[in-house]
Amino acid sequence: LLTLFISIAALIVYFISPDAIHRQFAAILLLVAGVHYLSFYTIAKKGVEKFNRFINFTMIFSMGKMLFIAAIIAAYGLLIKKEILLFTVTIMFLYVIFLIFDVLWLLKLNKFLIQNTKK
C-alpha cells in the first residue's frame, strides 16, 4: 500500500511539474521498495525466534541498506553524471519514507517479541 500511495503521489507531481521527478522514478521506487521489503520480510520471519537475533538482523540489514543505497548513488554518479542531483534527492527521499515505515513496523514487532518472551 505504501508503494502504491507513493506511486500515485509521484504521478500527480509528474503531471503538475514533470521536471520535479527523475525520469526513472518507477525503477528507483521498485529498487528502494524491494530492498526494504526484502529486509523487513527476512527480519520478521527469521528474527522472531530470539530477541538477540532480532536485534542483530535489524542492525545488519539497516547498515546493509544504507551502504547499498550509497553504492547505487555512487555508481550512478560515476556512470551517468546527468541528473545526479535529482537522482540523489529522489532516492534519498524514498529511502527516508521507507525507513520511517521500517522503524514503525519494527517497533511493533519488537513490542510483540517482548510481550511474548515475558510469558
Note: with side-chain heavy atoms under 4.5 Å as the link, the other cluster members for Ile60 come out as none
Decide yes or no on side-chain contact (heavy atoms from CB on, under 4.5 Å) for Ile73 and Met92, but give the supporting numbers first. CA-CA 9 Å; Ile73 292 171; Met92 291 307 294; 3.8 Å; yes
Could you tell me whether the side chain of Ile84 reaches within less than 4.5 Å of the side chain of Ile80, counting heavy atoms only? no
Connected via hydrophobic side-chain network under 4.5 Å: Ile72 and Leu79: yes
Looking only at heavy atoms, the pair that brings Leu86 and Thr90 closest together is O-OG1, 2.7 Å
Among the clusters formed by ILVMFWY side chains lying less than 4.5 Å apart, do Tyr37 and Met66 turn up in the same one? yes
By the rule that ILVMFWY residues connect when side-chain heavy atoms come within less than 4.5 angstrom, directly or transitively, which residues belong alongside Val89? Leu85
Are Leu38 and Leu67 connected into the same hydrophobic cluster when the rule is that any two of I, L, V, M, F, W, Y join if their side-chain heavy atoms are below 4.5 Å apart? no
Which label fits Phe98 and Phe101: parallel for a plane angle under 30°, tilted from 30 to 60°, or perpendicular past 60°? perpendicular
Under the side-chain hydrogen bond (donor to acceptor under 3.5 Å, both in side chains) test, residues paired with Tyr76 that sit two or more places apart: His22
Can you pull out every side-chain hydrogen bond (donor to acceptor under 3.5 Å, both in side chains) where at least one residue sits in residues 92-105? Sequence neighbours excluded, please. His36-Asp102, Lys65-Asp102
If hydrophobic clusters are built from ILVMFWY residues whose side chains come within less than 4.5 Å, do Phe93 and Val32 share one? yes
Leu94 and Phe25, any side-chain heavy atoms less than 4.5 Å apart: yes
Residues joined to Ile100 in its hydrophobic cluster, side chain to side chain under 4.5 Å directly or through other members, sorted by chain and number, are Val96, Leu104
Results of side chain to side chain contact (heavy atoms under 4.5 Å, CB included) for Leu78 - residues two or more places apart only: none
Supply the atom-to-atom distance Thr42 OG1 to Phe61 CZ, rounded to the nearest 0.5 angstrom. 4.0 Å
Ser39 side chain reached by Val35 side chain, heavy atoms, under 4.5 Å: no
